[in-house]
2 protein chains.
Amino acid sequence: MTGSTAPKWRRRKEARPGDITAAALQVFAEKGFATARMEEIARRAGVSKGTLYLYFETKEDVFRAVVQEAVVPNIEALRGGVLALDLPFADIVRLFLPRFAQIATDLPVGAVAKMVIGESRNFPELAKVWHDHVVSHAIAMLTALIERGQQRGEVRSGDPRLHAFSLMGPMMLGVIWRETLMPVGGAPVDLAELARQHCETVLNGLVVDGGKP
Amino acid sequence: MTGSTAPKWRRRKEARPGDITAAALQVFAEKGFATARMEEIARRAGVSKGTLYLYFETKEDVFRAVVQEAVVPNIEALRGGVLALDLPFADIVRLFLPRFAQIATDLPVGAVAKMVIGESRNFPELAKVWHDHVVSHAIAMLTALIERGQQRGEVRSGDPRLHAFSLMGPMMLGVIWRETLMPVGGAPVDLAELARQHCETVLNGLVVDGGKP
DNA sequence: AATTAATAACTGACCGGTCATTTATTTACA
DNA sequence: TGTAAATAAATGACCGGTCAGTTATTAATT
């Protein structure tokens, strides 16, 4: 036998919820809600299944906690000063897109996005949380930025919200590509490089010699 | 009683597979693979659960059939002459994006995409089918188009694949927005309008007075 | 009557959630 | 300070419901 001090488990009341949601994020991101097994979440959290239910009421409850927890840092990440700066529109974009690429690389934005997309019918409330707490803020910020640019004569006319799609769409596609297609043989996408190139493309145009007056 | 001639069911060997995949597309799109119930697919196809198993081996088999069936028309729709034309790059883009918007509005591209994204870990083969039969073709086509444009001096330099992301990203974001965020209160997105505006934006640049030499 | 499409009752595996029990840690008191 | 009683954390066997898939039977068609 090993020495007398070999406890089967430890009391870690404070650490458990974090362990569990971290493990759950992994499992939900891999399997989706319905296919994720509580037993596996427990296993990865280094805990028994019963313990899960000491800290969370139901599986849905765990799912909610995971999304909520993953949402907060995204909001914080977005605040980051960049947009308060009174720089020219183009310069702000050149700061913002690479920053987004960074965030998407560091935080599990992709995993959460996939989860929200995949389970949006079954958990509309979560899609709503994501929309209300993250997406709508981001869109509002971008449209404000674009409108200011338009007023200054820096940015071409057009619906600011659709312009925001032009800005962010390629980045989101890159994120989803990474999550979905890369694991099955899709060519890798370098988000940072995509951000850089897309900046110049969307700011200056894909066409060298503009086809318009 | 109704008249003596009121058969409880009819033999429709040829029509069944189509009925079933059509019903299954609905259910899978609404629920995702794991949460979709074979019984409900059967009900919507106007058939008993047992009948499902006369035409398909397993649930996965049904899923595969649905994706394949929903995928093929998309490929065909893409081929449609547009790209063979020897028009200037900008003109082809102005034909292609609205056409994509049309297809995405008419066919359940969004639903299938959501399905593929949501179930990609559990069914990598499906993501692979989607990648190999749809996405890689589309990318190949676009990169070829872009490369030709670059050789002709019409299109700015840069990785053609990333340029393709710049072109298609906003459209894909629009499609996903419709599927995921609109049902929970997200503002509507007019895909056709998005296509039109994004064309000019991405071709000519968001910035009125290009910030580069 | 023979054939076979279709049904509906059935089965068995699986999994979310519970709870009686075990074990670590803390506290009371000598 | 040492020790035993009290408490709180954690476990894992188990239960009940659900559902993919099977099969014995029925009914339409030829």
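Naming convention: chains lettered A, B, ... in sequence-line order (proteins, then strands); numbering from 1 in each chain.
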List the atom pairs, donor and acceptor, that lie under 3.5 Å between side-chain atoms in residues 170-190 of chain B and the rest of the protein, sequence neighbours left out.
{"unit_1": "B:Trp177", "atom_1": "NE1", "unit_2": "B:Ala187", "atom_2": "O", "d": "2.7"}
{"unit_1": "B:Arg178", "atom_1": "NE", "unit_2": "B:Val189", "atom_2": "O", "d": "3.4"}
{"unit_1": "B:Glu179", "atom_1": "OE1", "unit_2": "A:Arg121", "atom_2": "NH2", "d": "3.3"}
{"unit_1": "B:Thr180", "atom_1": "OG1", "unit_2": "B:Ile176", "atom_2": "O", "d": "3.1"}
{"unit_1": "B:Asp190", "atom_1": "OD1", "unit_2": "B:Ala192", "atom_2": "N", "d": "3.0"}
{"unit_1": "B:Asp190", "atom_1": "OD1", "unit_2": "B:Glu193", "atom_2": "N", "d": "3.1"}

Open item on the list: Counting only heavy atoms not in B:Glu39 (residues, nucleotides, ligands), do more than 12 fall under 6.0 Å from its CD?
Closed with: no
- [ ] Using a 4.0 Å heavy-atom cut-off across all strands, classify A:Tyr55 as base, sugar-phosphate, or nothing.
- [x] sugar-phosphate
Task: Nearest-angstrom distance from the residue atom CZ of A:Phe56 to P of D:dA10 - done: 13 Å
- [ ] Answer with yes or no whether the side chains of B:His198 and A:Ser166 bring together a donor and an acceptor at under 3.5 Å.
- [x] yes
Task: Whole-Å gap separating P (C:dG16) and CD (A:Glu40) - done: 11 Å
Task: Exam field: side chain B:Glu69 to backbone B:Thr21, donor-acceptor pair closer than 3.5 Å - done: no
Task: Atom-to-atom span, CD1 of B:Ile20 to P of C:dA5 - whole angstrom - done: 13 Å
Task: Gap between atoms CZ and P, on A:Arg16 and D:dA8 respectively (whole Å) - done: 17 Å
Open item on the list: Between A:Thr51 and B:Gly46, which residue's closest nucleotide on DNA chain C lies nearer the 5′ terminus?
Closed with: B:Gly46
TODO: Specify the separation, in whole Å, of atom CG of B:Leu54 and atom C1' of C:dA8.
DONE: 13 Å
TODO: Name the orientation class of the two ring planes belonging to B:Phe33 and B:Phe28 (parallel below 30°, tilted from 30 to 60°, perpendicular beyond 60°).
DONE: parallel
Shorter than 3.5 Å, N or O on both sides, protein versus nucleotides 19-21 of chain D: list them out with atom names.
{"unit_1": "D:dC19", "atom_1": "OP1", "unit_2": "B:Arg37", "atom_2": "NE", "d": "2.7"}
{"unit_1": "D:dC19", "atom_1": "OP1", "unit_2": "B:Arg37", "atom_2": "NH2", "d": "3.3"}
{"unit_1": "D:dC19", "atom_1": "O5'", "unit_2": "B:Arg37", "atom_2": "NE", "d": "3.4"}
{"unit_1": "D:dA20", "atom_1": "OP1", "unit_2": "B:Ala36", "atom_2": "O", "d": "3.3"}
{"unit_1": "D:dA20", "atom_1": "OP1", "unit_2": "B:Arg37", "atom_2": "NH1", "d": "3.0"}
{"unit_1": "D:dA20", "atom_1": "OP1", "unit_2": "B:Lys59", "atom_2": "NZ", "d": "3.4"}
{"unit_1": "D:dA20", "atom_1": "OP2", "unit_2": "B:Met38", "atom_2": "N", "d": "3.2"}
{"unit_1": "D:dA20", "atom_1": "N7", "unit_2": "B:Lys49", "atom_2": "NZ", "d": "2.8"}
{"unit_1": "D:dG21", "atom_1": "OP2", "unit_2": "B:Tyr53", "atom_2": "OH", "d": "3.2"}
{"unit_1": "D:dG21", "atom_1": "OP2", "unit_2": "B:Lys59", "atom_2": "N", "d": "2.9"}
{"unit_1": "D:dG21", "atom_1": "N7", "unit_2": "B:Lys49", "atom_2": "NZ", "d": "3.0"}
{"unit_1": "D:dG21", "atom_1": "O6", "unit_2": "B:Lys49", "atom_2": "NZ", "d": "2.7"}

Open item on the list: Test: salt bridge (charged side-chain N to carboxylate O under 4.0 Å, His left out). Region: residues 100-112 of chain B. Which pairs qualify, not counting sequence neighbours?
Closed with: none
Open item on the list: Within the 4.0 Å heavy-atom criterion, would you say B:Leu52 contacts the bases, only the backbone, or no part of the nucleic acid?
Closed with: nothing
